[in-house]
Amino acid sequence: RHSSLPKMVKLLLVLLASCVAVNAALPPMGQRGSKPHIIVILADDYGWHNIGFRNSEIKSPNLDSLAAQGVVLSRHYTFKYCSPTRSSLLSGRLPIHVNQNNECNTVLSKSGIDLRMTLLPEKMKSVGYQTAMTGKWHCGARTVANLPRNRGFDHHFGFLRGGEDHMTQRLTEQGVGVVDLWQDLQPALGRNGTFSTFLYGREAVRIVEEHEPSTPLFLYLPFQVTHSPYQVPPQYLDPQIPNKDRQVFSAMVAIMDEAVGNLTNALKAKGMLNSTLIVFSADNGGVMHGGQHGNNFPLRGQKTSSWEGGVRTTAFVWGGSSVLPSSVRGTTHDSLVAVADWYSTLCHVAGCNASDDADSVPPVDSLNQWPSLVAGAPGPRTEIPLAFCTGSGRSDDCIQCGWAPNGTKILPRNGALIEGHLKIVYGKQWGFGVWTGPQFPNGTSPGTDPVGCPDGCLFDIFEDPSEHHDLKAQFPEDFARLLGKLQDAGLTVYQTNFSDKPDSTCIKVKAMSAKYHGFLGPSCGLF
């Protein structure tokens with residue numbers, strides 16, 4: 001018996017190697033049989049501590065259940081505010097290679113996602129998916145070519161800018177009051193006046209109910225909640241929460257959670273749920289300053305900063321029985337994931353080619369995370385340049401639209417980069433390097449951090465995820481290496497500043513409002 005043991009071991013090793021080789025050689029999931037339905041959900045300005053599985057005061061049973069039965073992504077990173085995260089997700093480029101400028105808050109801006117880049121929904125369409133989007137766009141609306149309907153979505157219903165009244169869908173564009181609500185290639189006349197999450201949640205349910213299950217569906221659902229203004233239908237307020245601001249924020253989460261539950265119920269009723277993959281993430285951390293109601297406890301910082309509280313987001317994946325292996329359900333994935341990685345990951349799942357070699361724009365940065373997610377193994381990403389900001393002025397003015405590197409290394413005004421368990425933070429980060437307690441807002445001010453890291457700080461975010469201890473003096477060689485990598489990243493910055501129509505074709509806001517019957521819409525190249 002003992003003499004035969006080596007032969008048995010050898011045989012087992014051969015069989016194991018064969019299994020590994022066969023698995024490695026398997027084509028993408030979407031090429032092996034029926035393609036899964038894919039749903040990507042974004043929450044807006046959603047704090048790390050503002051979900052039920054981290055905070056018992058928050059009631060989010062549907063999100064909690066999906067996370068518990070899926071894979072929680074503990075090191076999922078976005079940009080520090082809205083538009084760049086969305087631009088990265090849909091283009092597959094890191095934010096520093098597509099858009100760090102939030103100026104597509106005006107429809108005349110050339111920022112957003114460069115028209116020469118192929119977006120994720122276009123990739124999905126190329127392999128047979130029906131594509132739909134409902135919610136917040138915020139990736140450019142200067143011309144008709146920028147609209148979601150012309151960037152790969154078969155259907156679009158939602159708003160174009162970055163924020164508006166939740167109840168009325170009204171905002172001010174350069175001093176002119178307009179409604180921002182769009183459907184496909186025209187203003188959504190007569191559809192405003194309902195709380196935003198009801199609008200987009202019901203539209204998502206309608207899309208599923210009218211969908212033919214034999215055709216794979218790609219649905220992008222970027223909610224407006226929990227972005228300010230802090231408004232909710234009063235029946236959702238929980239009087240058991242002792243603080244009014246927390247009542248309102250918790251109610252916004254509860255309404256979003258209800259919408260997610262309605263969506264999964266619709267998928268189940270349609271017989272689609274077991275073949276569906278759901279990706280959930282915040283677009284950035286919550287906001288605490290200026291009377292706002294988010295909470296990133298125990299992380300440091302908030303939206304518009306590159307502290308962990310601004311860029312490390314609540315995220316998870318859930319998949320039906322034919323999509324996500326039972327072996328990884330209920331687990332936490334601790335490897336680095338950048339929001340740009342969903343481009344390659346979802347292309348792998350759908351069976352499409354994730355490359356995009358367009359002229360005059362950076363290539364795709366996205367890495368395929370799917371093999372590591374389904375195997376519970378370390379992922380392929382080892383570093384993330386989080387931001388390289390050179391601009392001045394407003395706290396969300398990271399970079400000017402016309403700025404481009406000239407081949408000379410410079411130091412950023414604000415920047416950050418992660419390499420493995422180490423992170424460099426550079427600049428004052430607008431004074432937002434503060435911490436809150438588990439119950440916030442609570443009637444106190446979060447204060448400010450007047451020092452920040454004007455000459456750079458080094459943190460071990462595995463051992464010190466709340467960024468309390470600067471290790472620069474202790475590990476100067478590591479600091480110098482990461483600073484060099486951050487400067488190298490600065491040499492590759494690309495800020496979208498491209499349009500298919502010149503400024504001479506743009507109309508004034510009042511003329512735009514008149515053309516669209518009081519609604520906001522594209523203002524250039526209309527005639």
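Y343 and V364 make their closest contact through CE2-CG2, 3.9 Å (heavy atoms, listed as atom of the first residue, atom of the second, distance). The minimum heavy-atom distance linking T314 with W48 is given by the pair OG1-O, 3.6 Å. Of all heavy-atom pairs between N296 and G286, the closest is OD1-N, 2.9 Å. Minimum heavy-atom separation, G310 to N284: O-CB, 3.6 Å.
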- prompt: Between W435 and S466, is a side-chain contact (heavy atoms from CB on, under 4.5 Å) present by the stated rule, with each step listed?
  reply: CA-CA 8 Å; W435 299 266; S466 298; 3.9 Å; yes
task: Kindly determine whether D283 and T85 satisfy side chain to side chain donor-acceptor pair (under 3.5 Å), including the steps that lead there.
output: CA-CA 6 Å; D283 66 339; T85 290; 5.9 Å; no
- request: Would you please test D64 and S60 for side chain to side chain donor-acceptor pair (under 3.5 Å) and show each step?
  value: CA-CA 6 Å; D64 295 347; S60 54; 3.0 Å; yes
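In this view, D154 and K125 satisfy the salt bridge (charged side-chain N to carboxylate O under 4.0 Å, His left out) rule, not counting sequence neighbours. For D478, the salt bridge (charged side-chain N to carboxylate O under 4.0 Å, His left out) test picks out R481, with sequence neighbours left out. Every residue meeting the ring-ring contact (aromatic ring centres under 6.0 Å, His included) condition with F195, not counting sequence neighbours, appears here in chain and number order: H166, F198.
Under 3.5 Å, the side chains of S74 and H333 contain no donor-acceptor pair of N or O atoms. No hydrogens or angles considered: a donor-acceptor pair under 3.5 Å links the side chains of E308 and Y77.
Cation-pi geometry between K472 and F479 is met: the NZ or CZ atom falls under 6.0 Å from the ring centre, inside 45° of the normal.
Put simply, the side chain of S445 gets close to the backbone of G447: a donor and an acceptor are under 3.5 Å apart. Distance alone, capped at 3.5 Å, places no donor-acceptor pair between the T134 side chain and the E203 backbone.
Taking a cutoff of 4.0 Å between a charged side-chain nitrogen and a carboxylate oxygen, D257 and K59 do not qualify as a salt bridge.
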